[in-house]
> 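Mind having a look at this structure? Questions to follow.
Just so it is clear: chains get the letters A, B, ... in the order the sequence lines come, proteins before strands, and each one is counted from 1.
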2 protein chains.
Amino acid sequence: MATIGDVARAAGVSVSTVSYVLSGKRTISGPTRDRVQRAIADLGYRPHAGARALASSRSNVIALMVPFRPGINVQIIMQFVGGVVTTAREHDHDVLVLTQDDAQGIDRVAASSTADALIVMDIESDDARLPALRALALPSILIGVPDDTTGLSCVDLDFAGAGRLAVRELARHGHQRLVLVGASQDRLDHRANYAVRMRQGVLEQAAATGVAADVVPAEPTFSGGAAALDAVLAEHPGTTGLVVHNEAALGGLLARAAERGLQVPDDLSVVAVSPAEMAAGLPVPVSLIEVPGERIGRIAVEMVMARLSGEELAETRLVSPAFTDHGSVAAPAPDPVRP
Amino acid sequence: MATIGDVARAAGVSVSTVSYVLSGKRTISGPTRDRVQRAIADLGYRPHAGARALASSRSNVIALMVPFRPGINVQIIMQFVGGVVTTAREHDHDVLVLTQDDAQGIDRVAASSTADALIVMDIESDDARLPALRALALPSILIGVPDDTTGLSCVDLDFAGAGRLAVRELARHGHQRLVLVGASQDRLDHRANYAVRMRQGVLEQAAATGVAADVVPAEPTFSGGAAALDAVLAEHPGTTGLVVHNEAALGGLLARAAERGLQVPDDLSVVAVSPAEMAAGLPVPVSLIEVPGERIGRIAVEMVMARLSGEELAETRLVSPAFTDHGSVAAPAPDPVRP
DNA sequence: CGTTACCATCGAAGCGATTCGATCAACGTC
DNA sequence: GACGTTGATCGAATCGCTTCGATGGTAACG
């Protein structure tokens with residue numbers, strides 16, 4: 001491989017001149033710049049990443065901690081990752097993958113100057129990694145919002161807003177009795193801040209709008225969805241509107257509805273909160289509030305770049321929810337559904 | 001951050017001694033080694049990745065090219081990635097993510113010594129990246145098998161073997177008329193080598209066993225699966241056994257079967273070729289031949305490591321298929337199914 | 001006891017960039 | 001016309017590590 005010395009020789013200039021042409025940190029005359037650039041192209045020169053990192057103490061790498069535990073929503077993870085990688089490349093950075101259970105991963109990557117910044121996905125309310133992140137010298141961005149955000153930068157969908165929006169959509173079509181089919185009890189209890197925020201949004205808006213709203217947990221499986229629908233109809237008769245925040249259960253829920261002879265949206269209106277792609281695989285189209293994975297990944301990288309260029313902000317950014325109509329919400333039937 | 005010099009001073013030895021303790025490339029006496037190791041621990045020293053890469057011309061990074069195009073089977077992608085990352089860490093390597101459409105990604109990563117090796121996923125029969133890969137100075141491993149493998153190293157499931165195994169399983173239960181519900185016509189035509197190999201395996205074994213086998217393509221969607229089942233029953237009446245190699249269509253296919261009053265396995269036996277997790281989300285349990293994503297990722301990394309340590313092999317490794325019974329295969333009903 | 005070998009360790013030369021003065025020529029300016 | 005500016009370029013130090021050759025001390029050997 002050609003080195004910067006080869007380029008300098010070929011262009012008849014010094015090594016530092018080549019460096020300045022590359023970085024633009026000092027003015028170089030037009031003719032010289034051209035000669036250097038031609039030499040670079042001729043030799044197919046690329047700066048050695050390690051050498052550059054050593055000299056500049058910048059690796060141009062962002063570390064991304066991805067959850068690989070089973071049961072996670074893979075669809076949305078991939079969207080995040082795609083958004084992060086694409087945006088990082090636009091800023092001339094690469095992305096290094098860390099796994100959740102690589103406990104020392106954060107320290108390792110930071111202490112060895114392997115990465116310039118860290119993006120951590122799947123943050124829990126009281127995440128075990130928070131102390132490590134707070135102590136970190138590198139800028140870090142969390143995807144998800146923990147309970148205590150002091151000193152941290154976070155991005156996520158505004159789940160409370162999403163809950164409110166879903167309720168508003170259903171309420172304005174005249175629904176009076178709603179149920180949120182949400183995360184499993186387990187996740188609600190322990191970890192998932194987004195589930196809590198979602199529930200808050202739904203209940204809050206229901207109270208404000210004067211409609212009834214209850215919550216039914218669902219296991220994130222096909223049969224979990226079916227069971228959840230049964231539970232809704234058994235425990236909350238008269239329900240006409242559903243907010244489903246559980247992609248994995250959605251299919252089973254809809255299938256069970258069909259089995260029980262319930263038409264969507266005639267007998268039952270449904271709003272899903274889910275990645276957009278997910279809904280494509282369903283038997284019936286479902287109106288949804290999209291979890292914009294790619295967009296959030298993109299924002300995370302942009303926050304990283306801002307931090308790297310010296311802006312000292314530690315802020316939480318919540319992406320506004322948007323409702324996409326696919327026809328699964330309509331006015332409730334005059335004669336409400338009974339179990 | 002502490003440097004190797006700090007460690008050397010703290011331990012009262014020279015820099016090179018610390019380096020040799022770390023690498024083990026020369027013998028260091030027990031006492032000295034201990035002192036150095038204590039100093040390392042005390043200072044929390046980690047070698048600077050860039051400096052190490054510069055001096056040793058080894059980055060300890062593997063680049064992984066991941067497809068992010070829509071419509072891809074995300075589930076299995078994540079399994080691969082998980083397997084790759086985990087195994088790479090076991091060998092003290094990190095993983096850098098490249099995207100498919102980052103065309104110059106391969107060259108960039110190679111020319112800048114950012115990575116030591118490359119793993120490329122989702123290889124097509126006549127993949128556009130093959131020339132670049134053949135010309136590469138870095139070791140590269142393909143996940144998937146192109147038509148011409150000369151000079152390349154590949155790993156994949158033995159799809160032909162999987163096809164044969166599926167047919168044997170069905171045949172030994174007495175099925176006489178089988179259909180392979182496979183990839184969409186589009187993928188079959190253009191790209192997906194695995195689809196071609198699968199079909200070969202099925203047809204070959206059917207011929208050998210003396211059973212009838214046909215192929216019906218399916219779009220990789222819920223409704224594509226439903227349509228495929230309709231097509232099977234319309235075009236190939238008397239079919240009692242199905243091999244489904246199309247995870248995304250499997251749910252729709254099973255749902256349509258239920259709608260038409262066909263019981264699995266009483267009226268219809270089904271073998272799926274799919275990642276294991278996928279099958280968990282289905283309304284009925286389905287016997288399957290697993291696509292062992294994680295395992296393949298692991299093997300890919302092990303091949304990388306072998307290449308990096310000097311073994312000059314360029315080989316293709318096909319993972320043997322295994323059948324897992326979940327009860328969706330049984331003897332056909334005496335009175336065969338009619339459309 | 002003089003050689004030979006080997007073991008443990010050190011010193012110094014890179015690896016390929018970045019970056020901070022320093023230099024030198026051309027240019028106004030008074 | 002001497003002098004401070006400014007613009008373009010160079011040289012050398014530096015980043016933190018690996019690795020090769022050299023060195024001194026010990027043990028083995030005849």
Side-chain angles (χ1 to χ4, degrees), chain A residues 1-37 39-40 43-61 92 94 108-116 137 308, chain B residues 1-37 39-40 43-61 92 108-116 308:
Chain A
M1 287 293 97
T3 73
I4 197 172
D6 300 335
V7 174
R9 205 169 315 120
V13 299
S14 77
V15 164
S16 49
T17 300
V18 176
S19 180
Y20 286 123
V21 167
L22 246 26
S23 69
K25 292 190 180 175
R26 283 197 187 175
T27 51
I28 298 290
S29 70
T32 309
R33 201 183 324 122
D34 291 349
R35 246 179 319 133
V36 169
Q37 250 138 13
I40 289 177
L43 297 172
Y45 165 73
R46 307 267 191 170
H48 185 288
R52 191 200 275 267
L54 177 57
S56 67
S57 46
R58 278 298 209 88
S59 63
N60 277 32
V61 167
D92 194 32
D94 274 305
R108 181 172 50 85
V109 154
S112 64
S113 305
T114 298
D116 295 335
L308 286 176
Chain B
M1 288 291 97
T3 72
I4 197 174
D6 300 334
V7 174
R9 206 169 314 120
V13 299
S14 76
V15 164
S16 50
T17 301
V18 176
S19 179
Y20 287 123
V21 167
L22 248 25
S23 70
K25 293 192 179 174
R26 284 197 186 175
T27 52
I28 300 291
S29 70
T32 308
R33 202 184 320 123
D34 292 348
R35 247 181 318 136
V36 170
Q37 251 139 12
I40 289 176
L43 297 171
Y45 166 74
R46 306 268 190 169
H48 186 288
R52 191 199 274 266
L54 177 57
S56 67
S57 45
R58 276 296 208 90
S59 64
N60 278 33
V61 167
D92 194 32
R108 182 171 51 85
V109 154
S112 65
S113 306
T114 298
D116 295 335
L308 286 177

> Could you pull out all residues at least two apart from S112(A) that satisfy side-chain hydrogen bond (donor to acceptor under 3.5 Å, both in side chains)?
T114(A)
> Applying a 4.0 Å non-hydrogen cut-off, can you work out what S16(B) is touching in the nucleic acid: base, sugar-phosphate, or nothing?
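Here S16(B) touches the bases of the nucleic acid.
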> Please work out if V13(A) contacts a base, only the sugar-phosphate, or nothing of the nucleic acid, heavy-atom cut-off 4.0 Å.
sugar-phosphate
> Listed by chain and number, what are the side-chain hydrogen bond (donor to acceptor under 3.5 Å, both in side chains) partners of S14(A), not counting sequence neighbours?
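In terms of side-chain hydrogen bond (donor to acceptor under 3.5 Å, both in side chains), with neighbours along the sequence ignored, S14(A) is linked to S16(A), T17(A).
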> Residues of residues 52-59 of chain B with any non-hydrogen atom less than 4.0 angstrom from an atom of DNA chain D: list those, numerically ordered, please.
R52(B), L54(B), A55(B), S56(B)
> Scan for side chain to side chain donor-acceptor pair (under 3.5 Å) pairs involving residues 44-55 of chain A, sequence neighbours excluded, and state none if there are none.
none
> Give me the residues of residues 21-34 of chain B where at least one heavy atom lies under 4.0 Å from an atom of DNA chain D, by number, or none.
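Result for residues 21-34 of chain B: K25(B), R26(B), sorted by number.
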> Under the salt bridge (Lys or Arg N to Asp or Glu O under 4.0 Å) rule, collect the residues that match up with R33(B), sequence neighbours excluded.
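By the salt bridge (Lys or Arg N to Asp or Glu O under 4.0 Å) rule, R33(B) matches no residue at all.
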> Any side-chain heavy atom of I40(B) sitting closer than 4.5 Å to one from L22(B)?
yes
> Working to the nearest 0.5 angstrom, can you tell me the gap between L43(B) CG and I4(B) CD1?
12.0 Å
> With sequence neighbours left out, what residues match A55(B) under side-chain contact (heavy atoms from CB on, under 4.5 Å)?
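A55(B) satisfies side-chain contact (heavy atoms from CB on, under 4.5 Å) with no residue once adjacent residues are dropped.
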> What pair of heavy atoms forms the shortest contact from A51(A) to L54(B), and how long is it?
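For A51(A) and L54(B), the tightest heavy-atom pair comes out as CB-CD1, 3.7 Å.
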> What heavy-atom pair brings S59(A) and A53(A) nearest, and what distance separates the two atoms?
CA-CB, 4.1 Å
> Taking any atom under 4.0 angstrom from a heavy atom of chain A, which nucleotides of DNA chain D are the first and last to qualify, 5' to 3'?
dA8(D) to dG16(D)
> Along DNA chain C, 5' to 3', what are the outermost nucleotides having an atom less than 4.0 Å from a heavy atom of chain A?
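The contacted stretch runs from dG16(C) to dA22(C).
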> Is the closest side-chain heavy-atom distance between V36(A) and I28(A) below 4.5 Å?
no
> Within the side chain of D116(A), is there an N or O that forms a donor-acceptor pair under 3.5 Å with the backbone of R58(A)?
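Answer holds: no.
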> When we call it a touch if two heavy atoms are under 4.0 Å apart, what does T3(B) touch: a base, just sugar-phosphate, or nothing?
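The residue T3(B) makes sugar-phosphate contact but no base contact.
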> Which comes earlier along DNA chain C counting from the 5' end, the contact point of V18(A) or that of R35(B), where each point is its nearest nucleotide?
R35(B)
> Hey, does V61(A) have a side-chain heavy atom less than 4.5 Å from the side chain of V61(B)?
no
> Report for the helix from dC1(C)-dG30(D) to dC30(C)-dG1(D): angle between first-end and last-end helix axes, five pairs each, rounded to 10 degrees.
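Computed from the C1' atoms at both ends, the axes differ by 40°.
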> Any chance you could lay out the side-chain contact (heavy atoms from CB on, under 4.5 Å) test for D92(A) and N60(A), step after step, and finish with the verdict?
CA-CA 7 Å; D92(A) 194 32; N60(A) 277 32; 3.6 Å; yes
> Sequence neighbours left out, what pairs pass salt bridge (charged side-chain N to carboxylate O under 4.0 Å, His left out) with at least one residue falling in residues 5-26 of chain B?
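Listed by first then second residue: D6(B)-R9(B).
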